[in-house]
**Q** 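One structure follows; several queries about it will come next.
Lettering of chains follows the sequences in order, A, B, ..., and the numbering in each one begins at 1.
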There are 2 protein chains.
Amino acid sequence: MTSSIKDVARVAGVSVATVSRALSGSTVVSPELTARIQAAIHETGYRPNLSARRLRSRDSGTIGLIVADIRNPFFTAVSRAVEDEAYRAGLRVILCNTDENPEKEAMYLNLMEEERVTGVIFAPTRQTADQLALQAWSFPLVLIDRVSARGGHDAVALDNAAASSMLVEHLHAQGYRRIAGVFGNASSSGAERHDGYVAAMFRLGLEPRSMFVPPQAQAAEQAALQWLAEAARPDALIASNGLLLMGLVRAVRQAGLALARDVAVAGFDNESWTEIVEPGLTVIAQPVDAIGRNAMMLLAARLKDPTLPARKLLLSGRCIARGSTARRVSPALPGSAAG
Amino acid sequence: MTSSIKDVARVAGVSVATVSRALSGSTVVSPELTARIQAAIHETGYRPNLSARRLRSRDSGTIGLIVADIRNPFFTAVSRAVEDEAYRAGLRVILCNTDENPEKEAMYLNLMEEERVTGVIFAPTRQTADQLALQAWSFPLVLIDRVSARGGHDAVALDNAAASSMLVEHLHAQGYRRIAGVFGNASSSGAERHDGYVAAMFRLGLEPRSMFVPPQAQAAEQAALQWLAEAARPDALIASNGLLLMGLVRAVRQAGLALARDVAVAGFDNESWTEIVEPGLTVIAQPVDAIGRNAMMLLAARLKDPTLPARKLLLSGRCIARGSTARRVSPALPGSAAG
DNA sequence: TTGAAAGCGCTAACAA
DNA sequence: TTGTTAGCGCTTTCAA
């Protein structure tokens, strides 16, 4: 059916070793034989068998990319960046979705062992992240987005706390004082964003008000609706990711309030809808390309020198101010701080 | 370093063949030996080497998924469905982005040959689709989204013409008559959606007005701005994909017109922003899950029987009516058909 | 510069 | 039921 290096050797009248050498270019093969081999490859329609090559050379040339769900726009963008870098480096990418399920995570890590992958880029749940250090992996591992508290692994993520603070400071500068926030309870990034929010609020002398919710728009919507029904309701709401942010927008509308005029809204993830909605939503844009590229970079560095100490790379977000946090003009609500 | 089946055999005091058999479960191995082998696997920390297994068994257990860009929400969703099905079937997925670049397409198809993949699911450019039949591939190939005019390959796609017609008929029923459309010029689906649009317009006695544009929001925006500046401007606009649809929305706003009241807008792809924008946008929702699942199904069927004739599967879209195409109430524009 | 030969880890005849 | 052995396609010694 498909022809092997043996067939090429036979047709070219050389040994398989010579064909292999001509193919790899590692050793010099005489021009004459090289030409004959080229012709034979053409004639036989030869294609290298990557499984055989891997078995022999003990290099899979493959990296695993394990994320919660590729449909999450953050992971979509990061995946694309990772793949671009991978193919530039001549590596294949195996994509895995875990749905935040620790069992699936374990299964895929196991699969990566069996694939003898060159490396793995992984966005773990909190639970798995904490146990990751307990096991010795046969491949270098770079964590993205969710960074293990225990450390010990290379990682690249948004500087979550700083980004949250940026959001709070922006709202404060625009005249908002009663700033409440919903945060995702599934990954460590939600907790870190919460920390940054609380820290910034304290720094500004404001009283934090927050809630951890499951990663569903509806959960954020419910939380926000309760807050908005209060007499001294918040004058600004923030969400720790795009999904929750959508819930906030729905809640504001359902409460019959106007974005910005009645209540400001801001959040994380510069998804396309945050720009097209009116008014546009103020968000923290994550450096998704840089996260993917740097994850590959850390992987490459570790492959080169496995003794390197673990490195944690925190990248800054960018605050994109839009209409949803326009300067507060209406009189301060009773009970709000003077600023 | 990592232990092989040989190590397990030695520790368990059996032959490698017995270990292999115990692992595969193909032949019955005595309970006693099975237990000893299990213990040895545990002790040695053995992991099967998939490259070796593939080389020997001539089954890669891997499928290739080649799309234009995973960041296109349509492909994101289809990919997820494909991966779900693949992992359910015990298959790995290698993901490739071509950026609609025929050279990249050729390179990835070539890579798939070298990987000896079990099958490939591919969304080709028009150009590549037309040449696909010229080459014999060593793997079964299922086309998605963009279906080769030449036929000859298994394929699954939206029934584009019918979906376009549905959109036109909806607009007509809502009282719109001067319906213009922008269509993507890169893939075959744009052309098919155009055909369906033109056919429906003729059927309803309306005059089609269309433009093929490159797949950029700005291109649609420019086209729409020109139309909207005319005296007898269209009273409805449609777009053949989510990106172009966003361009239309921008154009309407920039022209100082109101969605629905001044001009209706509708299009393809039920992306999250089409629901959250106000008014919500009427769209054709593609059966993304079904497209992915059916692609895997066709692949499985062909693997089982390679002699099967090529099958082309067309799936129906669903028209989701939202505010952007609310019933026309203002008086008909001068020159518009009476209906 | 080239060839012969060993062997990567595994599966599947074939024998026992 | 189990073991022996050949060999999947390739790379890489070691010799020539």
Side-chain angles (χ1 to χ4, degrees), chain A residues 1-38 40-41 44-62 90 92 111-118 138, chain B residues 1-38 40-41 44-62 90 92 111-118 138:
Chain A
M1 193 67 198
T2 80
S3 48
S4 78
I5 205 173
K6 226 174 183 169
D7 303 307
V8 176
R10 189 169 24 76
V11 171
V14 299
S15 73
V16 290
T18 304
V19 176
S20 174
R21 284 189 276 251
L23 247 33
S24 74
S26 60
T27 319
V28 181
V29 174
S30 76
E32 192 208 324
L33 290 195
T34 304
R36 260 160 56 196
I37 289 168
Q38 283 305 333
I41 287 175
T44 56
Y46 166 77
R47 309 266 182 176
N49 180 319
L50 293 183
S51 289
R53 204 171 256 181
R54 282 174 190 145
L55 174 59
R56 177 63 227 222
S57 67
R58 318 183 133 275
D59 176 13
S60 71
T62 302
R92 248 80 42 217
L111 175 66
M112 294 303 121
E113 294 270 7
E114 303 186 352
E115 290 278 1
R116 304 292 193 269
V117 292
T118 306
S138 62
Chain B
M1 193 67 201
T2 79
S3 49
S4 76
I5 206 173
K6 226 173 182 169
D7 303 306
V8 176
R10 190 170 24 76
V11 171
V14 299
S15 73
V16 290
T18 304
V19 177
S20 175
R21 285 190 277 251
L23 248 32
S24 74
S26 60
T27 319
V28 181
V29 174
S30 75
E32 191 208 326
L33 290 194
T34 304
R36 261 159 57 196
I37 289 169
Q38 283 306 332
I41 287 175
T44 56
Y46 166 77
R47 308 267 180 176
N49 180 320
L50 293 184
S51 289
R53 204 171 257 183
R54 282 173 189 145
L55 174 59
R56 177 62 226 218
S57 67
R58 317 183 135 276
D59 177 13
S60 70
T62 302
R92 251 78 44 216
L111 175 67
M112 293 305 120
E113 293 270 5
E114 302 187 352
E115 290 280 1
R116 304 293 194 269
V117 293
T118 305
S138 63

**Q** Indicate yes or no for a side-chain donor-acceptor contact from R116(A) to the backbone of E113(A) under 3.5 Å, with no hydrogens or angles considered.
**A** yes
**Q** Between T118(A) (side chain) and G61(A) (backbone), is there a donor-acceptor pair under 3.5 Å?
**A** yes
**Q** Spell out protein contact along nucleotides 8-15 of chain C as letters: B when the base is contacted, S when just the sugar-phosphate is, - when no protein heavy atom is under 4.0 Å; keep the 5' to 3' order.
**A** BBBBBB--
**Q** Whether the T2(A) and S138(B) side chains hold a donor-acceptor pair (N or O, under 3.5 Å, no angle test) is what I'd like checked.
**A** no
**Q** Quick check: does any side chain N or O of R21(B) sit under 3.5 Å from a backbone N or O of T27(B), one acting as donor and the other as acceptor?
**A** no
**Q** Any side-chain to backbone donor/acceptor pair from T62(B) onto V117(B)? Under 3.5 Å, distance only.
**A** no
**Q** dT2(C) C1' sits how many Å from R36(A) CZ, rounded?
**A** 11 Å
**Q** Does the T18(A) side chain pair with the main chain of V14(A), one donor and one acceptor, at a distance under 3.5 Å?
**A** no
**Q** To the nearest 0.5 Å, what is the distance between CD on E114(B) and CG on L50(A)?
**A** 5.0 Å
**Q** Is there a donor-acceptor pair closer than 3.5 Å between any side-chain N or O of T44(A) and the backbone N or O of A40(A)?
**A** yes
**Q** If I take atom CD from residue E32(A) and atom CD1 from residue I37(A), how far apart are they, to the nearest 0.5 angstrom?
**A** 10.5 Å
**Q** Taking heavy atoms of chain A and a 4.0 Å limit, find me the 5'-most and 3'-most nucleotide of DNA chain D within that range.
**A** dC8(D) to dT13(D)
**Q** Give me the bend of the helix from dT1(C)-dA16(D) to dA16(C)-dT1(D), using the axes of the five pairs at each end, rounded to 10°.
**A** 40°
**Q** Which heavy atom of S3(A) sits nearest to which heavy atom of G45(A), and what is that distance?
**A** OG-C, 3.9 Å
